[in-house]
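Heavy atoms only: backbone and side chains are in, while hydrogens, waters and symmetry mates are out. The sequence lines fix the lettering, A, B, ..., with proteins before strands; numbering per chain opens at 1. If you're wondering where the values come from, they're calculated on a predicted model, not measured in any experiment.
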There are 4 protein chains.
Amino acid sequence: MVDVQNRNDERNIPLQKVGIKNLKYPIQVLDKVRKTQSTVATVNMYVNLPHHYKGTHMSRFIEVFDRHRANILMPEFLVMLRDVRIALEAERSFCELEFPYFIEKKAPVSGQPSMMEYTCRYIGEESEQDRQFFVGIDVPVGTVCPCSKEISARGAHNQRGTVRVTVQYDSFFWIEDVIETIESAASSGLYSLLKREDEKFVTEHAYDNPVFVEDVVRNVCVKLETENEFPWFSVEAENNESIHNHDAFAYVERGRRPNRTLFDASAL
Amino acid sequence: MVDVQNRNDERNIPLQKVGIKNLKYPIQVLDKVRKTQSTVATVNMYVNLPHHYKGTHMSRFIEVFDRHRANILMPEFLVMLRDVRIALEAERSFCELEFPYFIEKKAPVSGQPSMMEYTCRYIGEESEQDRQFFVGIDVPVGTVCPCSKEISARGAHNQRGTVRVTVQYDSFFWIEDVIETIESAASSGLYSLLKREDEKFVTEHAYDNPVFVEDVVRNVCVKLETENEFPWFSVEAENNESIHNHDAFAYVERGRRPNRTLFDASAL
Amino acid sequence: MVDVQNRNDERNIPLQKVGIKNLKYPIQVLDKVRKTQSTVATVNMYVNLPHHYKGTHMSRFIEVFDRHRANILMPEFLVMLRDVRIALEAERSFCELEFPYFIEKKAPVSGQPSMMEYTCRYIGEESEQDRQFFVGIDVPVGTVCPCSKEISARGAHNQRGTVRVTVQYDSFFWIEDVIETIESAASSGLYSLLKREDEKFVTEHAYDNPVFVEDVVRNVCVKLETENEFPWFSVEAENNESIHNHDAFAYVERGRRPNRTLFDASAL
Amino acid sequence: MVDVQNRNDERNIPLQKVGIKNLKYPIQVLDKVRKTQSTVATVNMYVNLPHHYKGTHMSRFIEVFDRHRANILMPEFLVMLRDVRIALEAERSFCELEFPYFIEKKAPVSGQPSMMEYTCRYIGEESEQDRQFFVGIDVPVGTVCPCSKEISARGAHNQRGTVRVTVQYDSFFWIEDVIETIESAASSGLYSLLKREDEKFVTEHAYDNPVFVEDVVRNVCVKLETENEFPWFSVEAENNESIHNHDAFAYVERGRRPNRTLFDASAL
């Protein structure tokens with residue numbers, strides 16, 4: 001059967017990325033407590049395409065990913081990226097993986113356990129010369145506004161927000177530890193299950209620890225720099241303000257900017 | 001050219017709804033202050049299909065809607081529904097219309113103006129025998145938790161939430177008035193622009209008026225029943241809890257249940 | 001500690017639904033091939049609230065669900081609903097559960113396996129007097145337009161679409177069987193992995209079986225009525241037209257309309 | 001009243017971005033045919049925050065944007081960015097603006113007019129030393145698969161897709177012209193309203209012009225380089241494959257990579 005994709009292309013335009021997007025697939029990841037965790041990933045996989053090829057072979061992305069899906073550990077992720085590059089006969093491969101990650105969390109006073117969801121991302125690119133691997137974690141938090149607390153005779157507006165940390169992977173670390181770092185940098189962490197005594201504790205603890213969205217990213221920043229040795233990381237916080245219908249936002253990055261190919265263009 | 005849709009269908013299965021969904025279209029609606037307001041609608045339009053027809057003529061929905069788009073007032077909506085029914089040679093027509101609606105709102109103390117967005121919906125069905133028309137309004141609000149306030153030595157968790165009111169249209173009313181009713185039923189309304197003196201006011205006012213999600217729907221309920229004469233209405237409130245990563249929800253409906261054809265099946 | 005929720009409410013307004021929404025939780029469901037399947041659910045749970053109670057106790061919903069999460073079989077779902085009702089001391093309980101469900105699917109010619117995602121829903125309500133349980137399944141399909149095929153000298157526009165079937169649960173059935181019924185009612189089912197020989201087969205098979213969105217729901221309807229004995233079911237199809245930027249839609253329901261409390265009001 | 005935000009911060013961590021996100025606001029933009037067009041924008045605005053400031057003054061973003069909202073032309077956008085920077089006493093300001101843009105489009109044969117929606121984005125940053133301004137346009141298109149057409153005895157799978165072009169603004173251009181360029185690079189453009197004779201034309205025209213997602217971005221690339229003089233631009237195409245439940249993707253960028261501060265970090 002003819003291979004249209006393999007045909008020669010005359011336009012002389014190499015493509016930086018060609019591949020598949022929004023594939024939903026079941027995966028198994030590492031779990032600090034339960035060894036492994038079954039979850040569901042949304043997957044994007046690309047390779048570069050030299051100017052002389054008309055198209056790529058999309059089915060190979062699935063073949064390779066399916067072989068690795070039961071074992072998506074951080075180190076294995078780079079092996080998968082290499083296999084993708086080789087299977088597609090490309091110079092460079094890319095993958096973005098997003099999945100919900102669940103941790104059993106105990107209520108602060110009653111100690112009652114429940115499952116809490118966090119969103120994680122693995123983002124990487126690989127070539128024979130270099131590789132880059134980033135791990136992203138979204139953590140929902142509660143924030144009490146310091147300004148509102150100080151200028152008001154009583155009360156203080158507070159809200160749910162999300163802190164997104166993205167670190168450049170260097171050596172193995174536990175997602176659980178970074179989540180703990182982030183929750184301690186906000187006014188309070190969130191819980192699926194709180195009894196009345198827990199609600200009292202969380203309310204008072206949050207009120208005693210007011211933070212602007214700017215404080216949250218700075219607090220996370222200080223902790224990550226002292227407790228870890230990531231070559232680069234970024235922290236962004238988004239507050240779903242309870243007095244506005246829009247969100248407050250802060251962003252900071254630290255370390256040597258990674259040279260992720262094209263990494264910026266996709267930002268637009 | 002052959003008309004495949006007009007062909008006879010042997011399966012003897014009449015369809016309750018056939019039409020188009022997720023059409024984005026520019027419209028003009030009535031504005032209490034500025035006479036008219038230009039906005040962008042997401043449109044669903046259906047008709048029933050007798051068992052002997054193979055298909056409907058989708059393009060006619062657009063033709064009819066395009067004629068009415070510059071003048072989507074509440075009364076005109078039913079005229080449009082009738083035109084759809086006639087153009088499609090059907091017994092019954094349906095339309096769901098959703099659009100952002102903007103109101104200029106002044107900050108409570110500084111009086112500074114800014115635009116605030118509310119989501120509105122027109123939902124209706126029409127036949128020669130009967131017609132039903134519902135207007136839906138989503139209003140973002142702030143809520144302070146009464147339990148958290150009472151059991152805590154200081155502070156009280158509060159959050160952004162949304163109140164959705166759906167009323168059965170009987171005689172003309174202003175969306176602006178229902179929005180005011182809803183905002184006064186929560187701990188506080190929201191604003192796009194607040195100066196420090198406004199933030200102090202909103203914080204203290206909200207703290208002095210704590211409401212459960214249950215209280216919000218009941219407060220709206222009492223006000224709507226005393227101030228209006230809707231044959232039927234429903235009120236639902238959803239709080240994006242600042243201590244949980246899930247939402248709190250309450251729903252109430254009052255009045256004689258409208259007999260909207262199929263109206264329930266779509267609920268699932 | 002005071003129990004604010006238990007206080008008396010004077011407004012004399014009973015609420016049809018009070019509870020939690022958008023809880024993300026890991027669950028285990030039944031799998032025809034692999035016995036059980038681990039997946040991630042989005043959960044809504046409600047109970048009615050008598051007029052004399054000020055509020056409900058939200059944490060109990062999580063306590064009950066957490067006990068059942070490892071064993072969400074169809075029969076168990078009603079047991080969970082009863083436990084919720086009892087734990088909340090209510091007359092009526094509701095639950096809506098949505099989760100991705102994965103099936104290993106073989107390509108039609110090469111036989112190559114890959115995982116395919118389908119979205120499932122469990123929807124139910126329970127009281128001492130009655131119970132209603134519905135199972136919903138979303139199946140992505142391909143549809144070739146019969147009109148376009150017939151009026152065009154060559155080609156025919158086709159597109160991805162989604163068929164949503166909701167059945168009233170009566171006796172146990174396999175989700176896998178309903179999915180097969182739905183895929184055979186469209187021009188073609190979809191696959192995560194297709195080699196060139198598979199793509200040729202799927203293209204020709206779909207071209208030989210053109211269907212309007214109206215045909216899809218009627219085909220599913222005929223099959224469900226002959227192969228099953230659901231007291232009631234609905235079928236809706238949505239085509240992401242490849243010639244329009246909006247979708248084509250068809251809806252049909254059959255059987256005795258279930259008397260799901262409030263089931264319609266939520267439709268708006 | 002105390003100004004908490006103005007307080008000194010000891011952590012010595014400058015923030016690259018602080019501001020507001022997801023503000024919905026009514027705006028007026030330039031329209032090639034009708035002079036101006038009223039639409040609805042989603043707005044993100046940021047400034048950098050020197051290490052010695054504790055927080056920024058969020059309300060000023062709204063004050064400045066509200067003054068410019070009636071006149072969001074490309075040149076005015078940079079003026080707005082400068083005003084934001086000055087109002088916030090910052091060195092650098094950022095803005096991302098997204099809005100639906102409507103064009104009246106005539107069906108190819110019948111000539112019947114209807115409104116077609118396109119998504120546009122303005123993205124920029126400004127400082128005393130430099131400014132960067134990017135315009136993004138999303139265009140929905142139809143694509144027929146060349147491989148499927150060639151290997152199949154009859155038919156060819158085709159689908160709806162989206163082409164996103166982002167150009168670095170240098171001198172004024174009409175969005176309408178770039179949209180035309182993009183639609184002519186795919187198998188076919190899309191329409192809100194098509195009569196049967198139009199459907200025949202679009203089906204045959206698309207079948208005669210099959211393109212891979214790779215071809216689409218290369219075709220757009222060639223046209224943009226010959227017809228315009230953008231210092232830099234990127235083109236990405238996403239096909240909602242009608243044989244898969246995931247999308248096919250291709251990305252290319254050309255020209256001198258703009259040095260947009262942090263522009264990459266946000267990519268993750």
Name the member of [options] that forms the most heavy-atom pairs with chain D at distances under 4.5 Å.
options                                  : value
Gly19(A), Pro14(A), Gly55(A), Ala248(A)  : Gly19(A)
Thr56(A), Val4(A), Ile13(A)              : Ile13(A)
His246(A), Arg7(A), Arg218(A), Arg254(A) : Arg218(A)

Portion of [X] that has a non-hydrogen atom of chain A nearer than 4.5 angstrom:
X         : value
Asn219(D) : both
Phe61(D)  : neither
Val2(D)   : both
Lys24(D)  : neither
Asp215(D) : both
Thr42(D)  : neither
Asn245(D) : backbone

When heavy-atom pairs shorter than 4.5 Å are enumerated against chain A, which of [options] gives the highest number?
options                                  : answer
Asn44(D), Val213(D), Asp9(D), Ile151(D)  : Asp9(D)
His51(D), Met58(D), Gln5(D)              : Gln5(D)
Val18(D), Asn22(D), Leu15(D), Val252(D)  : Leu15(D)
Glu238(D), His244(D), Lys54(D), Met45(D) : Lys54(D)

*Are Tyr25(A) and Phe65(A) an aromatic pair by the rule of ring centers under 6.0 Å?*
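Centroid separation for Tyr25(A) and Phe65(A): below 6.0 Å.
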
*So do His68(A) and Val84(A) actually touch side chain to side chain, heavy atoms under 4.5 Å?*
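Answer no - side chains too far apart.
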
*Is the shortest heavy-atom distance from the side chain of Ile175(A) to the side chain of Cys120(A) under 4.5 Å?*
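Touching, per the 4.5 Å side-chain cut-off.
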
Where [X] and [Y] come nearest, the two heavy atoms and their spacing:
X         : Y         : result
Ala156(A) : Ser148(A) : CA-OG, 3.4 Å
Gln159(A) : Glu241(A) : OE1-CA, 3.5 Å
Val144(D) : Tyr207(D) : CG2-N, 4.0 Å
Asp208(D) : Lys149(D) : CA-NZ, 4.1 Å

*Toward chain D, the part of Val235(A) with a non-hydrogen atom under 4.5 Å*: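 Contact with chain D is absent: no heavy atom of Val235(A) under 4.5 Å.
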
*What part of Asn239(A) gets closer than 4.5 Å to chain D, counting heavy atoms only: side chain, backbone, both or neither?*
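Neither the backbone nor the side chain of Asn239(A) comes within 4.5 Å of chain D.
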
For [X] and [Y], take the angle between the two ring planes, folded into 0 to 90°, and tell me which bin it lands in: parallel under 30, tilted 30 to 60, perpendicular over 60.
X         : Y         : answer
Phe230(A) : Phe233(A) : perpendicular
Phe133(D) : Tyr122(D) : perpendicular
Phe249(A) : Tyr46(D)  : tilted

